[in-house]
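All values derive from a computational prediction rather than experimental measurement.
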Amino acid sequence: MTESNTQETGLTQILDRLPADREARVAFLHKLLGEGPCRQIGIFPLPAGFKLSVVIPVYNEERWLAELVRRVQVVPIPKELILINDQSTDGTPAILKQLEERYDNVRVFHQPKNMGKGAALREGFKHCTGDLVIVQDADWEYDPAEFPKLIQPIVENRADVVIGSRFIGEQHRVLYYWHSVANKGLTLLSNMFTNLNLTDMETCYKVFRREVIQSLNLKSDRFGFEPEVTAKIAKKKADGSRWRIYEVPISYSGRTYEEGKKIGLKDAFQALWCIVRYWAAD
């Protein structure tokens with residue numbers, strides 16, 4: 001037997017010994033590799049009874065939706081999926097019905113009319129029952145495999161809110177230069193008003209303790225959700241303290257307008273308005 005075959009056999013034996021239960025696997029890997037290295041690669045225990053609420057606003061995503069939900073489902077974290085149909089006009093409603101019938105942890109809600117991403121998220125947050133809440137777009141731009149590292153700072157009680165950043169060290173698809181300029185410009189302006197030092201305010205991936213997101217009085221119907229929620233988590237709580245906010249690097253596989261990208265110049269101007277509006281008043 002060659003050395004490579006011996007190594008493969010040894011690795012197979014180790015993998016075969018891994019328990020099926022997530023927490024038992026974590027304990028096994030901590031013993032094998034050590035707690036420090038495991039924490040560095042996102043292997044950590046979850047509290048007993050932990051559940052993650054994944055809120056997915058959906059509008060005309062028949063091409064991407066079923067595979068996106070499959071990718072969320074295979075993430076080894078106890079979870080519920082809350083999908084909000086924003087009055088899709090393609091085959092999305094039929095796919096949503098199939099998903100709800102196939103998975104017992106999927107719940108689908110339908111908006112009475114097309115109202116925008118922010119309105120869909122507001123509706124979704126009302127139905128969350130998990131310990132943490134994460135926002136997931138219905139396309140493939142953001143990878144659910146990164147859920148563990150996104151929730152880790154909160155699970156370890158270092159944060160109350162975690163924001164994923166596309167601009168601090170992970171791979172990304174090369175696309176529109178002016179989009180990146182606009183994103184960084186809006187983030188800079190938002191930071192000036194909120195006194196935060198974020199690198200990517202406009203990112204989809206935001207994770208909250210459930211009590212945080214359900215305590216916010218959110219109003220934006222469209223893509224103004226991002227600057228609004230950022231402004232509101234930056235403000236002091238009633239007791240004078242502040243929410244603890246962390247930023248985590250994420251990968252990004254942006255899509256083109258031909259592939260279904262929806263955000264445009266109008267939304268950039270709306271974001272500017274929301275930055276000023278929600279800094280000045282609720």
Side-chain angles (χ1 to χ4, degrees), residues 39 44-55 57 77 80 82 117-136 147-168 183-250 270-282:
R39 285 188 63 251
F44 53 91
L46 294 172
F50 176 88
K51 182 169 66 175
L52 176 66
S53 295
V54 185
V55 181
I77 297 173
E80 64 177 358
I82 299 170
K117 178 180 179 179
L121 288 174
R122 279 202 311 275
E123 179 65 22
F125 295 149
K126 292 192 301 185
H127 300 283
C128 292
T129 62
D131 302 274
L132 305 184
V133 177
I134 187 168
V135 177
Q136 171 70 56
F147 283 2
K149 70 177 181 180
L150 283 161
I151 70 171
Q152 186 173 2
I154 305 181
V155 171
E156 294 179 345
N157 197 29
R158 293 181 284 124
D160 303 302
V161 178
V162 172
I163 298 175
S165 174
R166 298 164 288 180
F167 303 130
I168 52 174
N183 281 335
K184 292 175 182 178
L186 290 170
T187 298
L188 175 62
L189 187 61
S190 174
N191 287 344
M192 292 170 64
F193 282 94
T194 61
N195 197 30
L196 299 178
N197 62 338
L198 297 175
T199 63
D200 191 7
M201 178 271 295
E202 289 283 354
T203 182
C204 160
Y205 270 162
K206 293 180 173 69
V207 191
F208 312 88
R209 294 188 187 274
R210 178 161 57 91
E211 60 268 26
V212 174
I213 193 62
Q214 291 185 340
S215 71
L216 300 179
N217 180 24
L218 299 171
K219 299 176 180 177
S220 297
D221 285 343
R222 287 182 53 79
F223 293 101
F225 165 79
E226 312 296 355
E228 179 187 6
V229 77
T230 302
K232 291 182 175 178
I233 61 173
K235 292 181 178 179
K236 290 183 179 179
K237 296 183 282 183
D239 62 4
S241 63
R242 296 183 184 274
W243 299 116
R244 298 169 298 169
I245 304 170
Y246 263 61
E247 201 171 43
V248 170
I250 58 171
Q270 183 188 36
L272 283 170
W273 162 242
C274 290
I275 289 170
V276 177
R277 173 188 175 185
Y278 294 112
W279 166 77
D282 191 317

Residues that S215 engages under side-chain hydrogen bond (donor to acceptor under 3.5 Å, both in side chains), provided they are two or more places apart: none
Partners passing side-chain hydrogen bond (donor to acceptor under 3.5 Å, both in side chains) against Q136 (at least two apart in sequence or in another chain): Y205
So do [Y] and [X] actually touch side chain to side chain, heavy atoms under 4.5 Å?
X	Y	result
L218	I213	yes
I233	I163	yes
D131	P47	no
L186	P227	no
M201	I275	yes
K51	R210	no
K237	V212	no
V155	L46	yes

Quick one: does any side-chain atom of [X] pair with a main-chain N or O of [Y] as donor and acceptor, under 3.5 Å?
X	Y	answer
S220	G118	no
E80	T129	yes
E247	S165	no
R166	I250	no
Q152	F44	no

Minimum heavy-atom distance [X]-[Y], with the two atoms named:
X	Y	result
G164	D200	O-OD2, 4.0 Å
E228	K219	OE2-N, 2.7 Å
L52	V133	CD1-N, 4.3 Å
I168	P249	O-CB, 3.4 Å

What distance do [X] atom [atom1] and [Y] atom [atom2] have between them, rounded to the nearest 0.5 Å?
X	Y	atom1	atom2	value
T187	N197	OG1	CG	11.5 Å
L216	K235	CG	NZ	10.0 Å
E156	I151	CD	CD1	10.0 Å
K232	W243	NZ	CH2	14.5 Å
F225	E202	CZ	CD	11.0 Å

CG of N195: more than 12 outside heavy atoms within 6.0 angstrom? no
Identified side chain to side chain contact (heavy atoms under 4.5 Å, CB included) counterpart of I134 within the set I77, V55, L150: L150
If we check side chain to side chain contact (heavy atoms under 4.5 Å, CB included) with L132, which of these qualifies: I154, V161, V162, D160? I154
The ring pair (Phe, Tyr, Trp, His ring centres under 6.0 Å) partners of Y246 (sequence neighbours excluded) come to none
Measure the acute angle between the ring planes of F208 and F125, then classify it against the limits of 30° and 60° as parallel, tilted or perpendicular. perpendicular
Check step by step if side-chain hydrogen bond (donor to acceptor under 3.5 Å, both in side chains) holds for T230 and S190. CA-CA 8 Å; T230 302; S190 174; 5.2 Å; no
